[in-house]
Student: 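Dumping the structure here so I can ask a few things about it.
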Amino acid sequence: MKLNWITLRVSDLEKSLSFYHQLLQLEVSAAFGDEHHQIVMLGEAGGTKIELIYEPNTNIEHPGHGVSIGLEADHLDRLIGVLQDQGHQVTGPLSPNPHIRFFFVPDPDGYMVQLVEQA
């Protein structure tokens, strides 16, 4: 069995794309829909994706409570600086062993994203 995608319902597609595509640099692999229902798939071709679903006037309550999305990041310190410069609240670093360290940052809807660097 293979994990294909994780779906996130978002309240503002442009803010979410700014976070995931521009800041975290996940590539847009597909985008479709209309003014009532938009879907954007983020991630490398053939790899696991993050699916953003936007439906205007839909209230997103308790997004991802207790769930975090882990993304392996290159140049973690630089990325954290960029996120902080953009006003995102970053928690960490945490390093449970000498081979890994990570930070947490909420996305625009409050979904928790864990940015991981492995040694």
Side-chain angles (χ1 to χ4, degrees):
M1 188 174 302
K2 177 183 171 187
L3 178 63
N4 286 324
W5 62 77
I6 296 169
T7 300
L8 304 177
R9 296 198 176 274
V10 300
S11 61
D12 185 319
L13 186 58
E14 293 308 314
K15 283 184 181 178
S16 294
L17 284 174
S18 176
F19 180 82
Y20 287 103
H21 178 60
Q22 293 174 345
L23 288 175
L24 300 185
Q25 299 188 351
L26 292 176
E27 68 181 70
V28 174
S29 59
F32 46 92
D34 57 31
E35 68 273 7
H36 303 291
H37 184 86
Q38 296 177 33
I39 297 175
V40 177
M41 303 296 284
L42 300 162
E44 295 177 11
T48 303
K49 308 280 187 295
I50 293 177
E51 175 187 40
L52 303 178
I53 296 180
Y54 172 67
E55 296 170 327
N57 304 316
T58 300
N59 187 20
I60 310 296
E61 292 186 35
H62 310 292
H65 181 71
V67 175
S68 68
I69 299 168
L71 300 172
E72 192 163 334
D74 294 327
H75 312 291
L76 190 62
D77 291 320
R78 183 176 51 82
L79 179 58
I80 296 309
V82 169
L83 287 164
Q84 289 174 327
D85 289 347
Q86 294 290 320
H88 293 278
Q89 183 177 349
V90 176
T91 302
L94 303 170
S95 184
N97 67 58
H99 305 288
I100 190 170
R101 68 187 186 113
F102 50 88
F103 294 82
F104 290 95
V105 59
D107 84 350
D109 284 294
Y111 294 104
M112 195 56 64
V113 177
Q114 183 179 12
L115 301 170
V116 180
E117 182 178 70
Q118 298 188 40

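All values below come from the heavy atoms of this structure, side chains included, with hydrogens, waters and symmetry mates left out.
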Student: Any non-hydrogen side-chain atom of Ile53 less than 4.5 Å from a side-chain atom of Thr58?
Tutor: no
Student: Just so I know, are the side chains of Glu27 and Glu44 near enough to count as touching, which here means a heavy-atom distance under 4.5 Å?
Tutor: yes
Student: Could you measure the distance from the CG atom of Asn4 to the NZ atom of Lys49? Nearest 0.5 Å is fine.
Tutor: 8.5 Å
Student: Are Ile80 and Val82 connected in a single hydrophobic cluster, I mean Ile/Leu/Val/Met/Phe/Trp/Tyr linked by side-chain heavy atoms less than 4.5 Å apart?
Tutor: yes
Student: Identify the two heavy atoms, one from Lys15 and one from Pro108, that lie closest to each other, and give their separation to 0.1 Å.
Tutor: O-CG, 3.6 Å
Student: Per the side chain to side chain contact (heavy atoms under 4.5 Å, CB included) rule, which among Val67, Ile50, Ile60 passes with Tyr111?
Tutor: Ile60
Student: Quick one: CG on Leu94 to CZ on Phe103, what's the gap to the nearest 0.5 Å?
Tutor: 8.5 Å
Student: I'd like to check Ile69 versus Leu8 (side-chain heavy atoms, cut-off strictly below 4.5 Å). Are they in contact?
Tutor: yes
Student: Rounded to the nearest 0.5 Å, how far apart are CZ of Arg9 and CD of Glu51?
Tutor: 8.0 Å
Student: To the nearest 0.5 angstrom, please state how far the CG atom of Leu83 sits from the CD atom of Gln89.
Tutor: 12.0 Å
Student: Is it true that Val10 and Trp5 fall in one hydrophobic cluster, defined by side-chain heavy atoms closer than 4.5 Å?
Tutor: no
Student: May I ask you to test the Val116-Gln118 pair for a side-chain heavy-atom distance under 4.5 Å?
Tutor: yes
Student: Not counting sequence neighbours, which residues clear side-chain contact (heavy atoms from CB on, under 4.5 Å) with Thr91? List them please.
Tutor: Phe104
Student: Are Leu24 and Ile6 grouped together when hydrophobic residues (ILVMFWY) are joined by side-chain heavy atoms under 4.5 angstrom apart?
Tutor: yes
Student: Can you see which heavy atom on Ser95 is nearest to which on Ile100, and at what distance?
Tutor: OG-O, 2.8 Å
Student: What is the distance from atom CG of Leu115 to atom CG of Asp77, rounded to the nearest 0.5 Å?
Tutor: 11.5 Å
Student: Could you check if a side-chain atom of Val113 sits within less than 4.5 angstrom of a side-chain atom of Phe19, using non-hydrogen atoms only?
Tutor: yes
Student: About how many Å separate CG of Leu42 and CG of Leu52, when rounded to the nearest 0.5 Å?
Tutor: 5.0 Å
Student: Mark yes or no for whether Thr48, through its side chain, and Leu3, through its backbone, hold a donor-acceptor pair below 3.5 Å.
Tutor: yes
Student: How far apart are the closest heavy atoms of Ser29 and Gly43, and which atoms are they?
Tutor: CB-O, 3.5 Å
Student: At their closest point, which heavy atom of Glu117 faces which heavy atom of His75, and how far apart are they?
Tutor: OE2-N, 4.1 Å
Student: At their closest point, which heavy atom of Pro93 faces which heavy atom of Arg101, and how far apart are they?
Tutor: CB-NH1, 4.4 Å
Student: Is it the case that more than 12 heavy atoms not belonging to Asp34 sit under 6.0 Å from its CG atom?
Tutor: yes
Student: Is there a path of hydrophobic side-chain contacts, each under 4.5 Å between heavy atoms, that joins Met112 and Leu26?
Tutor: no
Student: Excluding sequence neighbours, so at least two apart, what forms ring-ring contact (aromatic ring centres under 6.0 Å, His included) with Tyr20?
Tutor: none
Student: Ignoring hydrogens, what is the shortest heavy-atom contact between Leu79 and Leu23? Give both atom names and the distance.
Tutor: CD1-O, 3.4 Å
